[in-house]
Amino acid sequence: MLTRELLNESDIARMLSRMAHEIIERNEGCENVCIVGIHRAGVYIARRLSEKIRLIEGVTIAVASLDISFYRDDLNRRKNHPIVRKTEMPIDINDKKIILVDDVLYTGRTIRAAMDALNDFGRPAQIQLAVLIDRGHRELPIRADYVGKNIPTSRSENIKVLLKEDADHDMVLVIRDDPDV
Amino acid sequence: MDLIIRRGHIVDPSQGIDFIGSIYIENGLIVKIENTGTTVEPGITRVLDASGLYVFPGLVDMHAHLREPGFEYKETIKSGTSAAVKGGFTSVCCMPNTKPVNDNETVAEFIVKKALSEGFCNVFPIGAITKRQEGVELAEMGMMKDAGCVAFSDDGRPVTDSLLMRRALEYSKVFSSPIISHAEDLSLSNNGVMNEGYLSTTLGLRGIPAASEVIAIKRDIELAALTGGRLHIAHCSTAGGVRAIREAKRDGIYVTAETCPHYFHLTEAETGGYNTAAKVNPPLRTKKDVEAVREGLIDGTIDVIATDHAPHHRDDKLCEFDRAAFGISGFETAFSLSLALVKGGLLTLNQLIEKMTIRPAQILGLSKGSLREGVEADIVIADLNKDFIVDPEQFVSKGKNTPFNGWRLSGMPVITICKGKVKYHLNNSLMAEGI
Amino acid sequence: MDKDLLDIKSAATADIELILNTASSFKDVLSRDIKKVPTLRGKTAVNLFFEPSTRTKTSFELAEKRLSTDVINFVVPSSSVAKGETLYDTIKTIESYGIDFIIIRHQFSGVPHFISRISKASVINAGDGINEHPTQALLDAFTIKEQKGTIAGLKIAIVGDISHSRVAKSNIYCLKKLGADIRLIAPHTLIPTGIENDVTEIYHDIESGIADIDVIMTLRIQQERQSGGFFSSTDEYFKFWGLTLKRLGKARPDVIVMHPGPMNRGVEIASEVADSRHSVINTQVTNGLAVRMAVLYLLDSARPRK
């Protein structure tokens, strides 16, 4: 296994600041906006984005967390069902602009499941997608509205986002399974 | 001379024989037994070389179920006796819980005739004590005796009415036939399906307390004392039962008793996981009971080892535990399982053979279980060192129901001779000298 | 996890905890406007009930539907079984439909274990004879945990017909694994042989048994036990072992009262107790749904994949 550091703490901080600005710009402020993070890293990123926006705009945007285990389309293929985490949806999402946040955008299946889950809570006015890394290889017609960084990868590679919330440092790693390739 | 078995180690407790010698058979009878060298008349005598093997009287099983008539899908006289001779038995007594019940001379005659025409060994029917085993009216014991019945029992449906049991013990005295008691207090058993204890609570299965057997044994012993009748206690499974029989014998009451291999090998633990192969009545008990049953065999409290061969169809066991039939298919494992007591140093070989030959024959008044000169040549030749793994699929009995599946056992019959004729042999190589 | 939930006595403590944690997420789902998730879409469950049961069957059926599972109800009146096909054949027939779950309620103990041996589907015991009722114990544990925060160290009393109660049996094993201090309260006739090995204390007198209790579970008293000689009359039972407000006063002030239902008011429990602030009996029903959803969800992944 080969591991390489792609992005460090300050890279990540810069990316998040830019994304926060883009969100404010695109939504002409942050009225009616709320951020929903997908467990687990997506929730941390959502909180950081909310904090960045607060520093810029002086407004606190509500953050919700979403567990998509019940909506996955790969339960039949997995050896064990995922550990179910707490979904906290303290807000009424009806007619809101939802910024859905995840760490890595890959096949798009997680986002599809997250949108299904959101629909069971209400009918948002819009859903926008923010991801820290877009590594390509989409299997569904899904595109991110805000991207920290596009990182072209091969399918044999794996992108790992470590965040201080449950790791030592903020860091994005690329892990290659087979060093011979 | 028709057949000579030579160089075998002969053990016949009925005559105190324990030596290497020869048995001479003519016209289906034993004509001579000797421990000297064999004089073979060349050309006209078939000789069976039993070197390295043991030779015993054919085993006598005083408690079996052959299921015919009525339950031929479970076993027939043919399949059952074929399993019996494979297990070393040359005489088996079949319990009356057939359909119709063997409670009259017609059924008894049917069984006897069928056994003569299709059976592989001697079959002695046991008649019912009461009509249809209903525990209400005495069956015609005398007529059944004349038709060939050797004892009377309402096995499985014990006589609950103490007065009727008293009458049975009294009435049967005329015919010198023992009354065999399946000792169980049915009201106390309360439709239980296994031994009562912590395990039955854990499994949520209704328990049959040991007291259910002990109470019934004690009642029947008191009735035997009262009447002077001939009481035989079937399949004793409890420490309390062994103790009661021991005390009765000490007090001079005429009572005999049997147990079965599963009661001195297995505990209720076999029932774990709702294993219907271990569902049997009386139920498998605790370690303490197993020890007591062994103790009873050692000190002679328990006279006989019987099989309680109770074959069942696969469907009767492949079902809910509560619905599963009680019983274990026993013919083809009984000898080896019993021999384990000898190998374990608990019984001498002589004691074991006595409990499986002459003792049951004496209790039933049969001229069986002995190699005396002049008796029918019922003989089993066994290899006491041959190991095998119990595989019910290899049973010739129709009943594959055994909790001993997969057990490694040591010692098995290799040739069984009934009335001078070889009815079973393990393989042809043993028959080299012309049989 | 194993593919089946047959009993609590052989369940791993970690699995019990996983079920309880997962149930909490399903409880959230049940509080939404849209109470259904697509998780087990395309799966089929058979509710195979050989005993009449309204509560448990309804709870399982709704749990299955909330998970988008297709549901087949197969209610077999026990009286007709004797003449009908064998259970083996019934199971083999049902399996031919390609089902994923068999939820089995049967009057005989060990039937779920038997089915599990002959079927590839996930078997869930919905009550077998006098053996176990595992999902009831799980929902009770969930309820206690929800009410008290924890189970370890709590003093929990189970009052009533322990001998014939699969609910009591499952609860004893479950709460023991989760570290509770379990007391049984019943007349001697209703205490099964050897159960002292699995509980802390056995009381035959409710007054002393109830002292300082955090949780009290009352069990349904069945009329037919009277004819079986287990007690002399329901009136006498209530007088000596019924849960009254006065008796409840001896327990801790924040004691909760549970009952698996259906209740016999005035036999094992006084109406005032059933309707008191201590009673969590209706909460148990709601939680039953969440716990059964969690069990279905987790067992689904434990079945071997093609």
Side-chain angles (χ1 to χ4, degrees), chain B residues 73-74 185-212 238 267-279 283-289 312-326 400-401 403 405, chain C residues 6-10 50-51 76 78 81-82 84-92 104 106-118 125 127-134 162-170 172-173 176 184 189-199 228-230:
Chain B
Y73 69 99
K74 291 176 190 267
D185 182 324
L186 291 180
S187 63
L188 197 53
S189 291
N190 194 24
N191 298 316
V193 292
M194 68 170 290
N195 184 48
E196 179 179 310
Y198 177 55
L199 188 63
S200 65
T201 294
T202 306
L203 291 170
L205 292 172
R206 282 188 307 274
I208 300 173
S212 176
T238 56
T267 67
E268 57 180 358
E270 299 296 321
T271 319
Y274 305 95
N275 176 17
T276 57
K279 184 177 171 183
L284 301 175
R285 306 284 186 180
T286 65
K287 199 158 178 268
K288 183 184 78 130
D289 296 296
H312 286 292
H313 190 269
R314 179 173 177 267
D315 293 347
D316 299 322
K317 289 287 192 179
L318 187 62
C319 61
E320 304 92 318
F321 195 91
D322 280 77
R323 279 190 205 284
F326 288 104
K400 317 295 181 195
N401 46 304
N405 187 7
Chain C
L6 302 179
D7 50 43
I8 299 291
K9 67 179 151 275
S10 60
F50 286 86
E51 257 185 3
V76 194
S78 51
V81 177
E85 65 180 354
T86 64
L87 180 60
Y88 181 85
D89 290 334
T90 305
I91 298 303
K92 287 294 168 192
I104 173 74
H106 202 284
Q107 65 270 31
F108 292 146
S109 303
V111 165
H113 304 71
F114 171 69
I115 296 176
S116 138
R117 281 198 293 273
I118 61 174
N125 182 358
D128 64 325
I130 51 171
N131 182 38
E132 286 216 39
H133 191 351
I162 316 291
S163 281
H164 304 93
S165 174
R166 52 195 175 209
V167 174
K169 291 265 304 294
S170 283
I172 288 167
Y173 301 132
K176 185 184 180 190
L184 304 180
T189 44
L190 298 178
I191 298 283
T193 315
I195 199 73
E196 62 275 7
N197 294 309
D198 292 312
V199 299
F230 293 96

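Within every chain, numbering begins at 1; the chains are lettered A, B, ... in the order of the sequence lines, protein sequences first and strands thereafter. Because the structure is a prediction, the values reported are computed rather than measured.
- For residues 190-202 of chain B, the interface with chain C (any heavy-atom pair closer than 4.5 Å) comprises B/E196, B/G197, B/Y198, B/T201, B/T202, sorted by residue number.
- With sequence neighbours left out, B/Y274 forms a ring pair (Phe, Tyr, Trp, His ring centres under 6.0 Å) with C/H113.
- Residue with the most contacts toward chain B among C/T193, C/I172, C/N197, C/I195: C/T193 (heavy-atom pairs, distance under 4.5 Å).
- Considering only heavy atoms from C-beta on, C/L87 stays 4.5 Å or farther from B/C319 through its side chain.
- Interface remark: C/R117 contributes side-chain atoms only to the contact with chain B (heavy atom separation under 4.5 Å).
- Within the 4.5 Å cutoff, the side chain of C/F114 has heavy atoms near those of the B/L318 side chain.
- B/L203 and C/K169 get closest at one heavy-atom pair: C-NZ, 4.4 Å.
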Exercise for the section: Please assess C/Y88 against B/R314 for the test side chain to side chain contact (heavy atoms under 4.5 Å, CB included), listing each intermediate value before the final yes or no. Expected result: CA-CA 11 Å; C/Y88 181 85; B/R314 179 173 177 267; 4.1 Å; yes
